[in-house]
Amino acid sequence: MDSLWPWLRGLAGIIGAALIILGVIAMRQAEGDTLIRPITIGATPATIFMDEHASAEAPIVIIAHGFAGSQQLMRPLALSLAKRGYRAFTFDFLGHGRHPHPLMGDITKETGATVALMDQIAEIIAYARATGGPAPRIALVGHSMAADIIVRAAQADPEIAAVAAISIYSPAPTADSPRNFLIVTGEYEQALRAEALRIVRLTDPEAREGVTARSEAAGLRAAQVAPGVEHISVLYSAAAMAKIAVWLHTAFEREVPESGHADALRPPAPLPYYGPWLLALIGGVVLLAWPLSRLLPRVGSFPTPEGAGWGAFLLVAIAPAVITPLTLWGLQISFLPVLVGDYLAQHFALYGALTALGMWIAERRDLSGLTTDRIEARRAGLASATLGPKRWPS
């Protein structure tokens, strides 16, 4: 059996490398003929996406990422809109991505970080407007934290034609602002789906998911759901991209299929198919890490995970990873001023506690797979070929 492990590691390396190459090539192909131009607006790293046949006066869509994200997360959506004739701008907020300056202040307070983020997006809007011909039409799209920012930016700038908020939580929307307001949430974002419906019902108390409300002051407003996705995967959802494209087509009074159905936009402009290839890329990196880890230098007589038995491995490495998300599922505790920070703090605290408990139990119950002699040899630093630790495949 021991002679089989080198072969398995080699096979894992080949498959991992193949998945990485395949994922990169497929994602590059999804870009097609889209023109992608990195720029800098003030100190802000940004990127312009547009179809090679698009007019210089094409409608502009500024796309903002969420907390702890970057413009890279918004790339599939930008490609999707560029393929439909828009000029899409992505950028890195302060303290995110490649932006050189930090984000300071409490993001939950209008006098804190929110002011800095609004000033930053206003700078992006001004730059885009200056490149868009005599009367450029502009829409804003934002995810999570940025959803609140784009709502406030649209309220401060009456020339914004439409807003599409993804996974929003914000006290800023009113019954009549912003105008032409779409909210998209993932199917599994139950709390944010309720928030989206609350916002739409400011305009129409009888509103339902998937049904567009209309008013003289607010224009169009709707809460729509992307099936089978949550807070991050909604950004890679073909359904979410298509819903946003249909909404912008309507707001800009561009040609929209009579059915108004999102799928109707797909034949002339295929959506960038990122999700599966991104998973292939991540899976390839994980697989390739196994054989490459054998090239790392040994830094001690008992390198980890050498010497660990399967019982200890399951208890310390696997159990916390499974128990933590199941325990915190649906738990709503808010005690930090940073969006998502509450869940991350709870997750790391519980995961660490379970790991420590597992290590304590493994040591107490002797789940390491070592004999008493080997344990004593380990403690004394006298490991040898005879008294070396029992090895498990790494």
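These values consider heavy atoms only, across backbone and side chains, with no hydrogens, waters or symmetry-generated copies.
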task: Applying side-chain contact (heavy atoms from CB on, under 4.5 Å) between Arg87 and each of Ile62, Val61, Ile60, Leu81, report the one that passes.
output: Ile60
- prompt: Going by the angle between their ring planes, with limits at 30° and 60°, are His65 and Phe91 parallel, tilted or perpendicular?
  reply: tilted
task: Take Ile244 and Val184 through the test side chain to side chain contact (heavy atoms under 4.5 Å, CB included) and record every step on the way to the result.
output: CA-CA 8 Å; Ile244 292 171; Val184 178; 4.2 Å; yes
- prompt: What orientation do His249 and Tyr86 show, parallel under 30°, tilted 30 to 60°, or perpendicular over 60°?
  reply: perpendicular
- prompt: Looking just at side-chain N and O atoms, do Arg221 and Thr203 make a donor-acceptor pair shorter than 3.5 Å?
  reply: yes
message: Under a 3.5 Å distance rule, please check whether Asn180 uses its side chain to pair with a backbone N or O of Leu220 as donor and acceptor.
response: yes
message: When you measure from the side chain of Glu230 to the backbone of Ser233, do you find a donor-acceptor pair of N or O atoms at a distance under 3.5 Å?
response: yes
task: Begin from the C-alpha positions of Asp157 and Arg129 and carry the test salt bridge (Lys or Arg N to Asp or Glu O under 4.0 Å) through to its verdict.
output: CA-CA 12 Å; Asp157 187 341; Arg129 183 171 279 142; 3.0 Å; yes
- prompt: Any sub-3.5 Å donor-acceptor pair from Asp92's side-chain atoms to Gln71's backbone N or O?
  reply: yes
message: Before you tell me yes or no, could you show the steps for Thr34 and Glu31 under side chain to side chain donor-acceptor pair (under 3.5 Å), namely the whole-Å CA-CA distance, both residues' side-chain angles and the distance that decides it to 0.1 Å?
response: CA-CA 6 Å; Thr34 305; Glu31 297 176 1; over 6 Å; no
- prompt: Does the side chain of Leu117 come within less than 4.5 Å of Gln120's, by heavy atoms?
  reply: yes
task: Would you indicate whether the side-chain heavy atoms of Ile183 and Glu195 approach each other to under 4.5 Å?
output: no
- prompt: Between the side chain of Glu187 and the main-chain N/O of Gly228, is any donor-acceptor distance below 3.5 Å?
  reply: yes
message: To the nearest 0.5 Å, what is the distance between CZ on Arg193 and OH on Tyr188?
response: 10.5 Å
- request: Dump the intermediate steps for side chain to side chain contact (heavy atoms under 4.5 Å, CB included) on Leu79 and Ile36, then the final yes or no.
  value: CA-CA 9 Å; Leu79 287 169; Ile36 302 173; 4.1 Å; yes
